[in-house]
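Have a look at the structure below before the remarks.
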Amino acid sequence: MTRAATAAYGTAGRGARPRRRARALLRWSPLAPATVLLLLFLAGPIGYCVYIAFTDMQLTGQESTSFVGLANFRRAFGDPAFLNAVVLTLVFTLVSSILGQNTLGLALAALMRRASRPVRTLTGAVVLTAWVLPEIVAGFLLYTFFERRGTLNAVLEWLHLPTQNWLFTLPILAVSFANVWRGTAFSMLIYSAALAEIPQEVTESAAVDGASGRQRLWHITLPMIRRSIGTNLMLNTLQTLSVFGLIWAMTRGGPGSRSQTLPVFMYDQAFLKSLIGYGTAVALLLLVVGALFSVVYLRLLREEV
Amino acid sequence: MPAPAARPLLTRRARHRLAADAALLAVTAAFAVPLAWLVLSSFDTEANLRVKVPGSPSLDNFSAVLTDEITFTPMLNSLLLCGGATALTVACAALAAYPLSRYRSRFSRPYLLTILFSTCLPITAIMVPVYALFVRVNLIDTLYGTALFLATAQLPFAIWLMKNFMDGIPRVLEEAAWTDGASWFQALWRVILPLMGPGVTVVTIYTFAIMWGNFFVPFLLLLSPEQLPASVSIFTFFGNYGAIAFGQLAAFSILYSTPVVLLYVLISRRLGGGFALGGAVKG
């Protein structure tokens, strides 16, 4: 309804306003079921998360829950196990999402534009299958791949290279590679779409002007897809921040706590050590980081829309 | 015949194509190894952790896992859980998308931004308070409670996708229905939803596939073994007795993965590979 029409309606008579309000209510009523669910099961837990994070709630052994202020957060920043989890989360995100999924996805998308059709189809199918498989199945597959008696060592033996117990020596890298295996398809799809939108003439005329492949990539292709790079990095990072099942299936955060990223640490504290309050404080920090990324993502989108 | 015949084979373009093919095949091989383990081991009763061609391929692993306890009950649980939650998500998303797509108001933009914002939140992070909340309101260890949460977690993205699809349906068509005296619900049900059939299919399949693969939510919220969906029950292969039947684990993994793989094939056929990106990236 245009503004003029609304104004005309408003001056129509005394009874118009309540009737209009009722009509607006009716119009927006389809929004109600979704809104109720979102408030109950999404906004509710987030609010509850904020509350519990400031209490000493435990699963067992303690009758009442009391307010402890910032104690959980102070404890977290003084807790070597928490700081360990922060560092591991950073490594996991950097290696698997920013370096791995993003770069490999871009490389695959670029190569696929030049490759022959059968190879392109084959690559697409294999990489997408890895993406589509349920998280836990992917976790088991990569577990068998990296395990001491697994395929990676078999390949290394065959090549006469030294073998290792990967899940013991480099657990965080093993789970990072697993995440690359599983998540690269998403970046590949985004970049394929982005590259397809670059007008052919631009790159061709640059080639005619004598720009080398590397120059074209650096000065033309990358600047033209920079928004896709931004959104892709954002979504990859958010996705990677909340990976739990993959790591759980492969290492359960171990050995010791050497692949214990923040979600695994949170689970460990809240459920295995029964410290709901402390675990929730960690969850809240994770949520805040995620929210910051979301805000940046929204800004990026706004620029694009 | 030397140089002249060889020249067309070595054009710049052909050389680039060859190099790209080689590079892609190398990466593809690396990606394919774990998948090869899955397929080969499922036919190998003596499967271990390595990729190897089965000595005497058989379907024994499949027949071993095709029992009520191992496969049928968890798959049925998955179906009930994800089917119910998907129905709820799609119904609520279709309803919510309607006013967001059709009416302008000062609330719709903030509402949409909030929705978009929550599609990005790491759901993993709120699982601890969700657990605590479910214990308090006695929804813990109930299939419907878990389905309600799964549905809500997927709702923001579903609304966003659905709204974008609905925006593509011209308003003229339902205006005709309105002049004929149809209510908004009739216009939505009889005119818009049938027209956006492919869109609704995509949202449904995508929602279902995401839920089917979800591990953390049922892992936390469901406790009784007889209620566990396949994503959680798969851990029983790492039994309490030490020895893992890898062949059976592979066979079960294939059975559990098949529905989602098929569903993804179905939507990618319909809309090209970038179906999920229409909503998430294009804004």
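Below, read A as the first sequence line, B as the second, and so on, with proteins coming before strands; counting in each chain starts at 1.
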Within-4.5 Å side-chain heavy-atom neighbours: [X] and [Y]:
| X | Y | result |
| --- | --- | --- |
| Tyr103(B) | Trp28(A) | yes |
| Tyr267(A) | Thr124(B) | no |
| Phe271(A) | Val128(B) | yes |
| Thr123(A) | Val27(B) | no |
| Ile126(B) | Tyr48(A) | no |
| Phe31(B) | Thr184(A) | yes |
| Leu88(B) | Leu37(A) | yes |
| Ser29(A) | Trp184(B) | yes |

Between Tyr111(B) and Leu31(A), does a side-chain contact (heavy atoms from CB on, under 4.5 Å) hold up when you go through it step by step?
CA-CA 10 Å; Tyr111(B) 195 94; Leu31(A) 217 49; 3.8 Å; yes
Heavy-atom pair count under 4.5 Å with chain A, highest-scoring of [options]:
| options | result |
| --- | --- |
| Leu95(B), Val261(B), Leu18(B), Ile210(B) | Leu95(B) |
| Leu220(B), Leu188(B), Val130(B) | Leu220(B) |
| Tyr98(B), Trp37(B), Phe107(B), Phe149(B) | Trp37(B) |

Please state whether the rings of Phe219(B) and Phe244(A) are parallel, tilted or perpendicular, taking 30° and 60° as the class boundaries.
tilted
More than 12 heavy atoms of other groups within 6.0 Å of Trp189(B) CH2:
no
Over 12 foreign heavy atoms within 6.0 Å of CZ, Phe177(A)
no
Counting only heavy atoms closer than 4.5 Å, note whether Leu139(B) contacts chain A via side chain, backbone, both or neither.
side chain
Which atoms of Tyr131(B) approach chain A - backbone, side chain, both or neither, heavy atom under 4.5 Å:
side chain
Show, in sequence, the C-alpha distance, side-chain angles and deciding distance for Leu24(B) and Leu108(A), and conclude whether the side-chain contact (heavy atoms from CB on, under 4.5 Å) test is met.
CA-CA 7 Å; Leu24(B) 280 182; Leu108(A) 287 177; 3.5 Å; yes
Between the main-chain N or O of [Y] and the side-chain N or O of [X], is there a donor-acceptor pair closer than 3.5 Å?
| X | Y | value |
| --- | --- | --- |
| Thr152(B) | Leu42(A) | no |
| Asp21(B) | Ser116(A) | yes |
| Arg50(B) | Gly150(A) | yes |

Could you walk me through whether Leu38(A) and Ile115(B) satisfy the side-chain contact (heavy atoms from CB on, under 4.5 Å) test, starting with their C-alpha distance in whole Å, then the side-chain angles of each, then the deciding distance to 0.1 Å, before giving a yes or no?
CA-CA 9 Å; Leu38(A) 288 171; Ile115(B) 290 293; 3.7 Å; yes
Roughly how far apart are [X] [atom1] and [Y] [atom2], rounded to 0.5 Å?
| X | Y | atom1 | atom2 | value |
| --- | --- | --- | --- | --- |
| Leu26(A) | Ser183(B) | CG | OG | 8.5 Å |
| Tyr264(B) | Thr129(A) | OH | OG1 | 12.0 Å |
| Ser253(B) | Leu133(A) | OG | CG | 9.0 Å |
| Ile159(B) | Thr35(A) | CD1 | OG1 | 7.0 Å |
| Arg120(A) | Arg17(B) | CZ | CZ | 8.5 Å |
| Trp181(A) | Leu35(B) | CH2 | CG | 4.5 Å |

Carefully, step by step, assess Leu122(A) and Leu25(B) under the rule side-chain contact (heavy atoms from CB on, under 4.5 Å).
CA-CA 8 Å; Leu122(A) 179 73; Leu25(B) 284 175; 3.9 Å; yes
Can the ring centroids of Phe235(B) and Phe140(A) be said to lie less than 6.0 angstrom from one another?
yes
Met234(A), part contacting chain B, at a heavy-atom distance under 4.5 Å:
neither
